Amino acid sequence: MTPHDHVAAFGATDGELRVGGLPLSRLAARVGSTPFFAYDRGLLDARVDTLRAALPARLELSYAMKANPMPAVVQHLARRVDRIDVASGLEMQAALDTAMRPDRVSFAGPGKTPAEIRSAVAAGVLLEIESTTELSRVVAAGDDLGLTPTIALRVNPDFAVKGSGMRMGGGPQQFGIDAEDVPAVLREIAATGVDVLGFHVFAGSQNLHAAIIAEAQSRTVDLVSALADHLDRPVRYLNLGGGFGIPYTEKDQPLDLDAVAAGLHELVDGPIAARFPEASAVLELGRYLVGECGIYVTRVLDRKVSRGKTYLVVDGGMHHQLAASGNFGQAIRRNYPVVVGNRVDTASGEAVTVVGCLCTPLDLLGDDIALPPAEIDDLIVIFQAGAYGLTASPTAFLGHAPPAEVLV
Ligand SMILES: *Cc1c(COP(=O)(O)O)cnc(C)c1O
């Protein structure tokens, strides 16, 4: 996808990008300072609507809030999705601050502390168990509180998913219980009184290949079918994971959602209906829900030419939007989509390199990209900033002030 495609998704008025219905300069005035992150409520809603229209009605949507834990975003999505998935005690507290019922909040992730587990049991949150140590802590917390914990087993599948930006299942993993160990763990649980609702398989993140995602989901249903034979009750929770990716560079093609949805319709109407009639079937998405609704907005502080190369120095950088800089020097750095937000109707007339204000050559937001001629005070916008942006960046690095975040 090109930067132009992203401008079209947000819309433009009189040469200015529009965000949440506001021209960018007006939004910048409202926020009062740059840099800032802005998340477009309309685009967020449109993404949920598109998913609901494409996916089987029975499939529940869970928001994996580590992708964007801004409270306003979480509150907004809590009214539109069916569940929230959290990965820390603080995320759990934020999810419990929303209208989402506690039993619709799931807590996944390795290394949950005994205090986090106790707190989740007390709240009635669904704990997704990643190891037998966690299981014993859950049992202890339930005994101590006089409550019956509800859990699901996170399973490390016996297959791997190719084409993911990040692989989180298959082979040895810190995530989940190895599939072959699950029968023994279920026997152990049977003696404890803990209520096992079902299973969760999350095999990878940032995948743009519909056929691979569909295959992983189909193999997940097969795997859970085999594991369900070892459970003494019907499966009531079947979390299929997600890992839907978004296009970050011009070369990336958007995920073919209809193709993924076709596979899910087959699974829901076929094996899931037959084998798991009582189960909540859940798709768990972070990046795909919020990634494309967000922009990171910076202001040009300086424009300088060094030995024939033009640099735009902006007031933000990798300390706020690490991924766009290339994650501390990753092997192959590729440009995120960048535009001059107040000149989106001007043809790109020059090659520039956009750098942040940190004193390191790694603080690179756009390397040798084509932009309209930009001047000091122009607003440089980086798209695809709604997921894994601010909270996945080293904000303390060099000690600049944190950026504002707004949902508009
Ligand atoms: C991070 C995570 C997600 C969200 O992944 P995305 O790629 O952002 O969709 C979902 N489930 C689990 C268990 C996770 O750890």
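All ligand and atom numbering here is 1-based and tracks the order in the structure. Being a predicted model, the structure only gives us computed values, none of them experimental.
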Should Ser205 be counted as touching ligand 1, given the test is an N or O pair under 3.5 Å?
yes

Applying a strict 4.0 Å limit to heavy atoms, is Tyr288 in contact with ligand 1?
no

Main chain of Ala210, side chain of Asp256: is a donor-acceptor contact present, judged purely on distance under 3.5 Å?
no

Taking 4.0 angstrom as the limit, do Arg83 and Glu128 come out as a salt bridge?
no

With nothing but distance in play, are any N or O atoms of Ala64 less than 3.5 Å from an N or O of ligand 1?
no

Between Asp195 and Thr148: side-chain donor-acceptor atoms closer than 3.5 Å:
no

With the threshold set at under 4.0 angstrom, would you say Glu128 reaches ligand 1 through any of its heavy atoms?
no

Please determine which of Tyr388, Tyr296, Phe397 meets the ring-ring contact (aromatic ring centres under 6.0 Å, His included) test together with His320.
Tyr296

Quick check for you: to the nearest 0.5 Å, what is the distance between Tyr248 atom OH and Arg287 atom CZ?
4.0 Å

Pull out every atom of ligand 1 sitting under 4.0 Å from any heavy atom of Glu284, numbered as shown with elements.
10 (C), 11 (N), 12 (C), 13 (C)

If you measure from the Lys or Arg side-chain nitrogens to the Asp or Glu carboxylate oxygens, is any gap between Arg275 and Asp229 under 4.0 Å?
yes

of all protein heavy atoms, closest to atom 9 (O) of ligand 1 is Gly286 N, 2.9 Å

Is there a polar contact between ligand 1 and Arg287, counting only N or O atoms under 3.5 Å apart?
yes

Is it the side chain, the backbone, both or neither of Tyr388 that has a heavy atom closer than 4.0 Å to ligand 1?
side chain

Close-contact set for ligand 1 against His200 heavy atoms, below 4.0 Å:
13 (C)

So do the side chains of Arg334 and Asp252 get within less than 4.5 Å of each other, counting heavy atoms only?
yes

Structural part of Lys66 in contact with ligand 1, heavy atom criterion under 4.0 angstrom:
side chain

